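Keep in mind it's a predicted model, so treat the numbers as computed, not measured. Here is the naming used below: chain letters follow the sequence lines, and residue numbers restart at 1 for every chain.
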2 protein chains.
Amino acid sequence: MELNEARQKFIEAWGKIGSEWGINRTMAQVHALLLIAHEPLTTEQVMEALSISRGNANMTLRDLIDWGLVEKQHKPGERKEYFFAEKDTWKIAKQVAQERKKRELDPMIKVLNELSVVKGDDKDPAYKTFKTSVTNINKLAKNVNKGLESMFKAEESWFWGSIFKVFK
Amino acid sequence: MELNEARQKFIEAWGKIGSEWGINRTMAQVHALLLIAHEPLTTEQVMEALSISRGNANMTLRDLIDWGLVEKQHKPGERKEYFFAEKDTWKIAKQVAQERKKRELDPMIKVLNELSVVKGDDKDPAYKTFKTSVTNINKLAKNVNKGLESMFKAEESWFWGSIFKVFK
DNA sequence: TCAAAGTTTCAATAATTAGTGAAAGTTATT
DNA sequence: AATAACTTTCACTAATTATTGAAACTTTGA
């Protein structure tokens with residue numbers, strides 16, 4: 001396989017994975033493009049490489065910056081903005097996990113806590129089932145939460161090590 | 001908060017989380033409905049509870065069965081099919097992880113393996129960056145893969161224990 | 001074998017989400 | 001302060017994804 005074909009395939013695959021995880025395809029593709037770019041790219045270059053409009057490129061790059069996956073750079077003597085991606089995959093993984101925790105898990109835990117104080121008759125099976133389900137999901141969510149906190153603090157090898165150690 | 005209001009909120013929250021993770025909202029809501037149902041429900045009851053069409057209810061229930069989250073049940077003397085959800089959250093989490101691994105991570109690893117054999121000139125920075133990025137993502141993906149395999153085999157407390165132990 | 005009860009399919013439609021591009025806004029330079 | 005280079009916004013349109021509902025299909029029992 002030739003390099004350009006491979007780059008293309010990588011961008012497609014990353015886009016597909018992204019869309020399966022609720023991240024818009026273009027955003028994942030721009031991220032992929034920057035991941036395999038050996039130097040920072042301008043908005044123009046991103047537009048060109050992925051055949052997308054200026055508006056789309058701009059918003060997508062901004063979103064990637066919000067997610068902490070991409071940064072702006074200025075080259076001395078030039079007005080144009082250049083964009084480059086964090087390339088350390090462990091940092092990327094932590095960053096994504098952190099953002100999603102903030103946007104999704106934290107609000108979910110808040111709702112679950114509200115729901116677990118609902119009062120009712122312990123003899124009512126509808127109440128009992130509700131209570132049990134919510135309590136159990138709440139416990140799981142809190143464990144995930146703690147697991148993520150560990151991940152954020154951890155070095156990569158340390159993290160995986162702690163998972164694998166026990167399960168040879 | 002009253003039980004019915006709480007049930008409603010739970011269904012909405014679960015639907016929202018689902019859609020943020022690339023799972024169609026209705027599917028997540030039907031799952032939520034069955035999770036807090038104290039007895040198996042018929043297609044009619046699902047349609048009624050969530051105001052969705054027969055076709056939608058049918059397809060969604062089938063999808064949930066494909067995901068291994070819901071099962072059919074027949075009551076003796078009745079022709080109707082009843083549906084109920086697995087309620088053990090650890091089993092649910094494993095099941096979801098397993099399905100997504102099969103559908104997404106495994107194909108991704110396959111692509112990454114294909115891409116990592118691309119040949120090129122080590123002095124070409126475009127080639128070097130591509131190679132490095134793909135290799136690193138590949139390593140991460142394989143660690144996630146191993147981590148999931150551990151999870152599938154593990155008991156819940158054992159799994160979390162192994163993560164928390166190291167990070168007090 | 002027929003018809004009633006129930007289930008599934010799928011073309012048509014609706015709802016949602018993503019993308020465009022031109023206009024407005026901003027910033028740096030002369 | 002005027003202009004040119006560049007960035008951002010947002011109303012409109014396109015593309016995608018989800019849902020409906022009626023027709024086709026299947027199963028059961030009389």
- Item | Value in whole Å for how far the P atom of C:dA18 lies from CG of A:Leu64 | 14 Å
- When rounded to whole Å, the CG to C1' distance for the pair B:Asn56 and C:dA12 reads 15 Å
- Query: D:dT7, C:dT8, D:dT20: which one has an atom nearest the side-chain heavy atoms of B:Arg54?
  - Reply: C:dT8
- Task: Please state how far atom CG in B:Leu61 lies from atom C1' in C:dT8, giving the value in whole angstrom units.
- Result: 12 Å
- Closest-nucleotide 5' rank along DNA chain C - winner of A:Gly55 and A:Gly22: A:Gly22
- Query: Start at the 5' end of DNA chain D and walk down; is the nucleotide closest to A:Met59 or to A:Tyr82 reached first?
  - Reply: A:Tyr82
- Phosphate oxygens OP1/OP2 of D:dT19: is one of them under 4.0 Å from a side-chain N or O of B:Thr26? yes
- OP1 or OP2 of C:dT8 sitting under 4.0 Å from any side-chain N/O of B:Asn58? yes
- Nearest-Å distance for atom pair CD/P, residues A:Glu78 and D:dT7: 11 Å
- Item | Pair A:Asp122 + A:Lys128: basic N to acidic O under 4.0 Å | no
- Message: Considering every strand and a 4.0 Å limit on heavy-atom distances, what is the contact class for B:Ser51: base, sugar-phosphate, or nothing?
- Response: sugar-phosphate
- Message: Expressed as a whole number of angstroms, how long is the span from A:Asp63:CG to C:dA18:P?
- Response: 10 Å
- Residue set satisfying salt bridge (charged side-chain N to carboxylate O under 4.0 Å, His left out) with B:Glu114, at least two apart, ordered chain then number -> B:Lys110
- Note on the structure: Per side chain to side chain donor-acceptor pair (under 3.5 Å), B:Lys102 is matched among B:Glu104, B:Glu99, B:Gln98 by B:Glu99
- Task: Go through the steps for B:Lys16 and B:Glu12 under the test salt bridge (charged side-chain N to carboxylate O under 4.0 Å, His left out), then give the verdict.
- Result: CA-CA 6 Å; B:Lys16 183 149 172 280; B:Glu12 266 171 45; over 6 Å; no
- Message: Just N and O in the side chain of B:Arg62: are any of them under 4.0 Å from OP1 or OP2 of C:dT9?
- Response: yes
- Query: Can you tell which of D:dT7, C:dG6, D:dT9 lies closest to the side chain of B:Lys80?
  - Reply: C:dG6
- Message: For A:Lys101, is there an ion pair with A:Glu149 - N to carboxylate O distance below 4.0 angstrom?
- Response: yes
- Query: Within this structure, what is the CZ-to-C1' distance between A:Arg25 and D:dA15, rounded to whole angstrom?
  - Reply: 10 Å
- Task: With the side chain of A:Glu81 defined as its heavy atoms from C-beta on, choose the nearest nucleotide among C:dA18, D:dT19, D:dT8.
- Result: D:dT8
- Closest to side chain of B:Ser53, choosing from C:dT8, D:dA18, D:dT20: D:dT20
- Rounded off to whole Å, could you give me the CG-to-P distance for the B:Asn24 and D:dT16 pair? 18 Å
- Minimum-distance nucleotide (side-chain atoms of B:Arg79 versus C:dG6, C:dT7, C:dT9): C:dG6
- For B:Leu41 and C:dG6, give me the distance from atom CG to atom P, rounded to whole Å. 16 Å
